[in-house]
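Start at 1 and go down the list; that is how both ligands and their atoms are numbered. Along the sequence shown, residues are numbered consecutively beginning with 1.
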Amino acid sequence: MALPTLWIVIPCYNEEKVLPITAPKFLAKLNDFIHDKKIKENSRVLFVDDGSKDRTWELIQQFAQKDAHYLGIQQSRNRGHQNAVLAGLMTAKDHCDITISIDSDGQDDINAMDAMIAAYTDGCEIVYGVRSDRQTDSWFKRVTAQGFYKFLRLMGVDVVYNHADYRLASSKVLQHLADFKEVNLFLRGMFPLVGFKSTSVYYERHERLAGKSHYPLSNMVSLAINGVTSLSIKPIVFIAELGAVVSILGFIGTIWAAVMAFKGATVAGWASIVCIVSFLGGIQLLSLGVIGEYVGKTYMETKHRPRFIISDQTWEETQEKEQEKKKHSQ
Ligand code: UDP
Ligand code: MG
């Protein structure tokens with residue numbers, strides 16, 4: 001098999017503190033692979049600046065000037081981690097054979113890439129990076145993250161347990177992923193839908209090397225809700241089931257009330273009426289909320305808005321430079 005071209009895709013949002021530490025590590029890893037003849041020399045490290053407000057994009061441009069293996073694209077504004085990863089993958093897919101997406105903060109162990117590439121060589125098209133333990137997380141993050149995966153499973157979303165967005169995907173898989181046109185992105189739930197032969201490699205997740213996390217509890221909750229409502233309609237099925245049960249109970253209750261009334265055994269039932277009204281009111285509001293979530297999503301999907309807009313990229317410059325160099329050497 002011919003050597004593959006690898007593009008490592010790295011989303012970055014306000015990462016000026018950590019990029020100077022991690023970028024050389026990604027490049028060193030890439031160079032090791034090139035040196036060991038595992039990937040082609042034209043492999044690249046692609047940074048996706050997700051509309052950062054600090055000096056992240058300037059840093060990326062500086063890297064790209066220093067070494068031709070570094071590339072960068074800039075999103076026109078902050079769109080969130082998932083869209084940044086997708087922008088990178090969709091850009092990379094036409095230039096390479098395999099991509100590996102990884103966080104910029106050094107939390108994911110880059111040495112797991114060895115096993116990922118080995119698995120690709122063995123015929124896997126998707127290789128999921130799975131964290132083997134959560135020792136480095138705080139107790140709170142560990143419990144909420146585990147709850148997150150359990151909740152997704154319960155709600156009918158097929159995700160690989162403890163896998164975030166550290167994964168190898170071949171360009172073949174990405175060409176098919178491009179046909180999944182949804183605007184509400186939950187990549188880790190979408191890759192299993194694409195299919196193809198896949199496997200997992202295990203790694204220990206470290207602490208962030210610098211800077212701070214962008215995923216507080218509120219972001220985790222919205223990611224979980226988005227994950228469920230973009231990929232599964234189980235909540236609506238639950239509501240329908242709940243509605244059926246409540247209706248049956250209501251029917252029984254009505255007959256019971258009628259029988260009691262005929263017997264003349266009715267009393268002023270203030271408490272029971274209040275209970276029933278508030279119970280039903282709560283269920284109805286909750287159900288409307290869940291259904292509204294889907295209506296809202298459908299609304300957003302029908303707009304077919306672009307999922308990312310790339311406002312700048314580094315390699316036009318470098319290509320121009322290459323052409324200039326060629327001209328000079330002629
Ligand atoms: N990120 C991004 N856009 C955002 C938020 C985060 O591209 O709006 C990137 C961030 O730079 C990092 C990755 O997504 O490379 C994961 O983010 P973070 O480390 O904050 O999340 P955590 O590891 O704490 O879950
Ligand atoms: Mg992180």
Side-chain angles (χ1 to χ4, degrees), residues 7-26 29 45-60 63 70-92 99-110 112-113 129-131 133-149 152 159 161-167 183-188 203-224 226-227 307-312:
W7 277 36
I8 303 177
V9 173
I10 306 162
C12 312
Y13 179 56
N14 293 345
E15 298 287 12
E16 63 178 8
K17 286 214 182 83
V18 83
L19 266 191
I21 308 171
T22 51
K25 293 188 187 207
F26 292 124
K29 193 74 199 166
V45 174
L46 173 68
F47 295 104
V48 184
D49 173 37
D50 188 19
S52 298
K53 294 178 181 61
D54 64 0
R55 292 184 52 253
T56 302
W57 180 237
E58 278 145 75
L59 287 174
I60 293 172
F63 294 143
Y70 284 128
L71 297 176
I73 52 176
Q74 185 188 37
Q75 294 231 77
S76 58
R77 66 176 172 93
N78 179 244
R79 292 293 297 266
H81 177 211
Q82 298 289 298
N83 296 67
V85 174
L86 185 75
L89 294 178
M90 291 300 118
T91 307
T99 59
I100 296 181
S101 51
I102 184 167
D103 286 356
S104 58
D105 55 9
Q107 283 193 280
D108 301 323
D109 182 7
I110 51 174
M113 289 185 190
V130 176
R131 27 194 320 187
D133 68 64
R134 285 188 171 266
Q135 300 299 322
T136 53
D137 277 345
S138 67
W139 174 86
F140 184 71
K141 175 100 191 177
R142 198 158 60 225
V143 170
T144 49
Q146 273 164 6
F148 172 84
Y149 289 101
L152 287 178
V159 281
Y161 190 67
N162 264 349
H163 159 70
D165 281 292
Y166 183 19
R167 83 174 77 71
V183 181
N184 297 285
L185 288 176
F186 188 63
L187 291 173
R188 64 188 90 162
Y203 68 98
E204 272 179 36
R205 194 155 147 116
H206 308 298
E207 282 186 48
R208 222 173 207 284
L209 293 176
K212 56 179 190 297
S213 167
H214 306 92
Y215 275 93
L217 184 63
S218 58
N219 276 16
M220 292 265 292
V221 170
S222 63
L223 189 67
N226 193 22
R307 296 179 290 181
F308 52 86
I309 297 171
I310 295 165
S311 54
D312 200 0

Has [X] got a side-chain atom pairing as donor or acceptor with [Y]'s backbone, closer than 3.5 angstrom?
X    : Y    : result
H206 : Q107 : no
T22  : D105 : no
D54  : E16  : yes

With atoms numbered from 1 as shown, which atoms in ligand 1 lie under 4.0 angstrom from a non-hydrogen atom of D105? 19 (O), 23 (O)
Considering only heavy atoms of S104, which atoms of ligand 1 have at least one such atom less than 4.0 Å away? 11 (O), 12 (C), 15 (O)
Between R188 and D165, does any NZ, NE, NH1 or NH2 come within less than 4.0 Å of an OD or OE carboxylate oxygen? yes
Best match, G211, P11, G106: closest heavy atom to atom 7 (O) of ligand 1: P11
Restricting to heavy atoms, the pick from N83, D50, D103, D108 nearest atom 13 (C) of ligand 1 would be D103
For K212, is at least one N or O under 3.5 Å away from an N or O on ligand 1? no
Of the side chain and backbone of [X], name the one, both, or neither that has a heavy atom under 4.0 Å from an atom of ligand 1.
X   : result
H81 : both
R79 : neither
Q75 : neither

Here the pair of heavy atoms bringing D109 nearest to Y166 is O-OH, 2.8 Å
Could you check [atom] against the protein and tell me its nearest heavy-atom contact, residue, atom and distance included?
atom                    : value
atom 11 (O) of ligand 1 : E15 OE2, 2.6 Å
atom 8 (O) of ligand 1  : N78 ND2, 3.1 Å
atom 18 (P) of ligand 1 : R208 NH2, 3.4 Å
atom 24 (O) of ligand 1 : S213 OG, 2.5 Å

To 10 degrees, how wide is the angle OE1 (Q107) to the Mg ion (ligand 2) to OD2 (D105)? 100°
So if I apply the side chain to side chain contact (heavy atoms under 4.5 Å, CB included) rule between V48 and each of V9, V85, I10, L86, which one comes out positive? V9
In a check of side chain to side chain contact (heavy atoms under 4.5 Å, CB included) between N83 and each of L187, I309, L185, which one passes? L185
Please work out whether the ring planes of F63 and F47 are parallel, tilted or perpendicular, with thresholds of 30° and 60°. tilted
Does ligand 1 have any atom sitting under 4.0 Å from a heavy atom of Q82? no
